[in-house]
Structures are given as structure tokens and as C-alpha cells.
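Scroll down for the structure; my scribbles are underneath it.
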Protein chains: 2
Amino acid sequence: MTLQVSSKPAFTRAEPDARRASLVEACARVLAREGVAGSSVRAIALEAGVSPGLVGHYFPGIDALVAETYAHIEAQVSAAIDAALEAAGSDPRARLEAFVTASFAPPIASGELLATWIAFWSLVRSRSEIARQHDEQYAQFRARLEGLLAECGMPAPQLRRAAIAITALVDGLWLELCLSPQAFSPAEAGAIARQALAALTSSGR
Amino acid sequence: MTLQVSSKPAFTRAEPDARRASLVEACARVLAREGVAGSSVRAIALEAGVSPGLVGHYFPGIDALVAETYAHIEAQVSAAIDAALEAAGSDPRARLEAFVTASFAPPIASGELLATWIAFWSLVRSRSEIARQHDEQYAQFRARLEGLLAECGMPAPQLRRAAIAITALVDGLWLELCLSPQAFSPAEAGAIARQALAALTSSGR
DNA sequence: TTGCTTGTTGGACGTTCGTACAACAAGTGC
DNA sequence: GCACTTGTTGTACGAACGTCCAACAAGCAA
């Protein structure tokens, strides 16, 4: 006979999707706090409040968890950009500027996100399926930018190179901003990007 | 009585600087081949052909070895750029273009270098002395670019932002080029950078 | 040749890692 | 209530990790 009156349940059984999501979020937090080196299965399980064995039950390895964490954060970034585009109204030029401005504001320009990015990048060269995931997400990001540029009236032949250039500029500014926040401010990064945007979109006309 | 006639010496004693350099180069090779996760003290010692204990004799930890490896590779990159500037002659504009063109040619645009960069970046946020090293090397890189821009006649007030923008653009293109080499070619990256360079340097006049 | 300095070795140590798995219990259908 | 499914636990295991250090030997000075 077992008494279960005054004691809490030993664990709660979660929906598989919800549990996966909580593990992904715990992974992002540990990566942000401890860096790549300190992000072990045990640390992530502790952060998520579950036992170490459960991580292996949902993900074949820590690489897969990092890959899903990257996809999760990329989705958050994408949602933040969508919100910024929405708020910018319908003027194509304003939408394009909102795109780059949002890239240097919270929650995107956060040094904590960088750790997840770096962990993912470190897997790209050695794991082919992760390289494929990176290619897809990069292509998706660039395609949206090409759409914005087209709405601004940029001729189709120029779209590809302009999108590559602006993506690289934003990525480079974002990277430096996260790595050494005192080199320049988010506001300055945005101003630089918008200025470059003006130079790039006018020079080709 | 020991016979040393037909057997090779058990080890050769190297100059401290030479031994440090060989460890640094072995570290770069292991990082390029195995990635951050596979770069242990043992693996690096094996690559350098020395015993594991020797790594600890020269470096207090693997972080310090990675930091010195980063500095070593940055010096190689800097030398490659200097050579490109030298070869470009004395015309300021040609020198500026040689600067960005060299950034996408071997030995700089190599996916193998990326692993060292990523390993270093992963330490920036958690180790303050490594953050300082990054700041210094970034500032140095940008200062040289500002010098080139000044020689091209750019007014002083614009130098800072233009240098930040071009550095970010080159870094972003270089990063994507290393991460997914099939997205665009080194030649296209160079063309994009030179085109952006023209747009940025003419718009401010 | 002899003695000294010190770069170098190689194994021992305690820790932490990822993984596997038997036992347990929460929730569900009957 | 009862049996069944399966999400979850906790631990055990071997491998690999960083670090340490006593012993060894290469090269130099005398």
C-alpha cells in the first residue's frame, strides 16, 4: 500500500512536442550562459529540470539538439522581422529599412543568441545534414530580402547580388556587435546599414 | 652501460619559440580537421608529434593555445593582405580594391581557417582577456582600412562608419563563403564587395 | 668525460562525458 | 478498479577528458 496523499508526483508527463520545446529552450539558455564547451547533456537536462536520460530519448545526440535549437531561434528571429515589417506599413522602402533596423534591436541583436549561432556554425563543416540545414535557412533568409528589394523597384538581374551584399553586411555588423558591444552601438549599426542600403539601392539605378 | 648506436634519439629538444609555433600550427590543423569538439589536448599533441604533457608545459590551458592560434592565423592573414597591397602598386584606389579582393582568395578565404575563428569566437563572451584580444585585433584591422580609405580621399568624419561597414561586409561575405561554398563563388564575393565599395565611397562625396 | 639544466616523456589520477537500460509511475482505455 | 502503454527516472558503465608529476635524457658548460 502506497500513500500518495501529501507528496507531489515524482514527475509530470508532458506532450512530446512540449517536452521537445522545453529541451530546446533549455539548450539555448545553457549555450548562452556556459558557451559551447559547457553545454553537456547533463547541464541541459538540469536546466530543463529533467533527468539526463530524457535528452537521449528525444534527440539522438547533442548535435541534433543544437540543430533544432538553431532552427527554433531562427524562427524567432524570422517572427521578429515579420513583426517589424508589419509595423512598418506598406511603403516598400520603409519595409526594407525596418528589415535592417530590426536586425540590430532586441531580441535579435542579443549576445546570448550568438552562442547558439556559433555552436551551430561549428557543426556545419563536419556534418553534412547540418550543412544542408544551414544552406536552406540562408537561402530562405536571402529570398525574403530579394522580395523586399523587388518591391522597392530593383531590377531582377540585380536582386541576387544586392541581397547577398546586404545579408553579408547585416550579418557582419550583427556579429561584431555581439562580439564587442563597445565597438559601436546598435543604433550606429542600424544607421550604417541604412546608409549602405541607400548607397547600394541608388547606385544600380 | 647504455648503447645508443643504432637507435634514434627518444626526442629532440626544440627552441621554445619553435616548439610553441609547432604546437600552434598543430592546433590549427586539428581545429580545421576535427572542429572545436574534437580538438583536445591529446589530439593536438598527437598531431604535433609530442607527448600530451608538453602542451601543458607551454600553455596554461587549451583556451590560451586557441587564443595564440587565432593570433597566429590573424598575422598570416595580415601578411597576405600586405602582400596584396604591395602588389597593387601605389594607386590608392587599386590598393583599396586589392584589400577586399585578397580577402576572398587563398589563403584567407579557406574553410579551414573558419574553424579557428569559430573556436576563438566561442571563447570571447566567457573569457574577458580573450574579449580584449578580439577588440584589439578588430580595431587594428579597422584602422588599416581607415588608412586606405583616407588615402582615397575620404573625409575624416566619414572614415569610421565606412570602415565599419566595409569590414562587416567583407566579414559577412567571408563567413558565408566558408560556411556554404556553393551559395556563391569567391570571384562573385569579390565582385560584390568591389561593387559595394564603389557605391559606398562615391555616395559620401 | 663529467655534471647540470631543463625540455620532454608517459602514465596515474580524479572528473566528466555520452550512452544504455532496467525499474518505476503517470496517464489512458476498458 | 485493473491492465497496459510509454514517458521518465536514476544509475552504472567504459571512454575520454585535463592536469599533474616523478623519471628520463638531450644538449651545454666546464
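Only this structure's heavy atoms are used, side chains among them; waters, hydrogens and symmetry mates stay out. A note on names: the letters A, B, ... follow the listed sequences, proteins ahead of strands, and every chain is numbered from 1.
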| query | Toward the 5' end of DNA chain D, which comes first, A/P52 or B/G38, by nearest nucleotide? | reply | A/P52
| request: Measure from CZ on A/R20 to C1' on D/dG7 and round the result to the nearest Å. | output: 14 Å
| query | When the aromatic ring centroids of A/W174 and A/W117 are compared, is their separation below 6.0 Å? | reply | yes
| query | Among C/dG7, D/dT8, C/dG18, which is the nearest nucleotide to the side chain of A/V41? | reply | C/dG18
| field | Separation of D/dC28 C1' from B/E15 CD (nearest whole Å) | value | 12 Å
| CD1 of B/I44 versus C1' of D/dG18: gap in Å, rounded? | 12 Å
| Looking across every strand, which nucleic acid part, if any, lies under 4.0 Å from A/V55 by heavy atom: base, sugar-phosphate, or nothing? | nothing
| said: Please classify the nucleic acid contact of B/G56 as base, sugar-phosphate, or nothing, using heavy-atom distances under 4.0 Å. | reply: nothing
| message | For B/E74, is there any backbone N or O sitting under 3.5 Å from a side-chain donor or acceptor partner on B/S78? | response | no
| said: Using a distance-only criterion (donor-acceptor N/O pair, under 3.5 Å, no hydrogens), is the base of D/dG18 paired with the side chain of B/R42? | reply: yes
| message | Are the side chains of B/P186 and B/L177 in contact, using a 4.5 Å heavy-atom criterion? | response | yes
| Under 4.0 Å between a side-chain N or O of B/H57 and OP1 or OP2 of C/dG7? | yes
| said: Is the positively charged end of A/R20 above the ring of A/F59, judged by distance under 6.0 angstrom from the centroid and angle within 45° of the axis? | reply: yes
| Within the pair A/S40 and C/dC17, is there a side-chain N or O less than 4.0 Å away from OP1 or OP2? | yes
| task | Give a yes/no on whether any side-chain N or O of A/Y58 is located under 4.0 angstrom from OP1 or OP2 of D/dT8. | result | yes
| task | Let me know the distance between CG of B/L46 and C1' of D/dC17, rounded to the nearest Å. | result | 15 Å
| field | Atom-pair distance (CZ on A/F59; C1' on D/dG7), nearest Å | value | 15 Å
| field | Nearest-nucleotide comparison on DNA chain C, the residue closer to the 5′ end among A/G53 and A/A37 | value | A/A37
| query | Are B/F141 and B/F99 close enough that their ring centres sit under 6.0 Å apart? | reply | yes
| Rounded to whole angstrom units, what separation is found between the CG atom of A/L54 and the C1' atom of C/dA25? | 14 Å
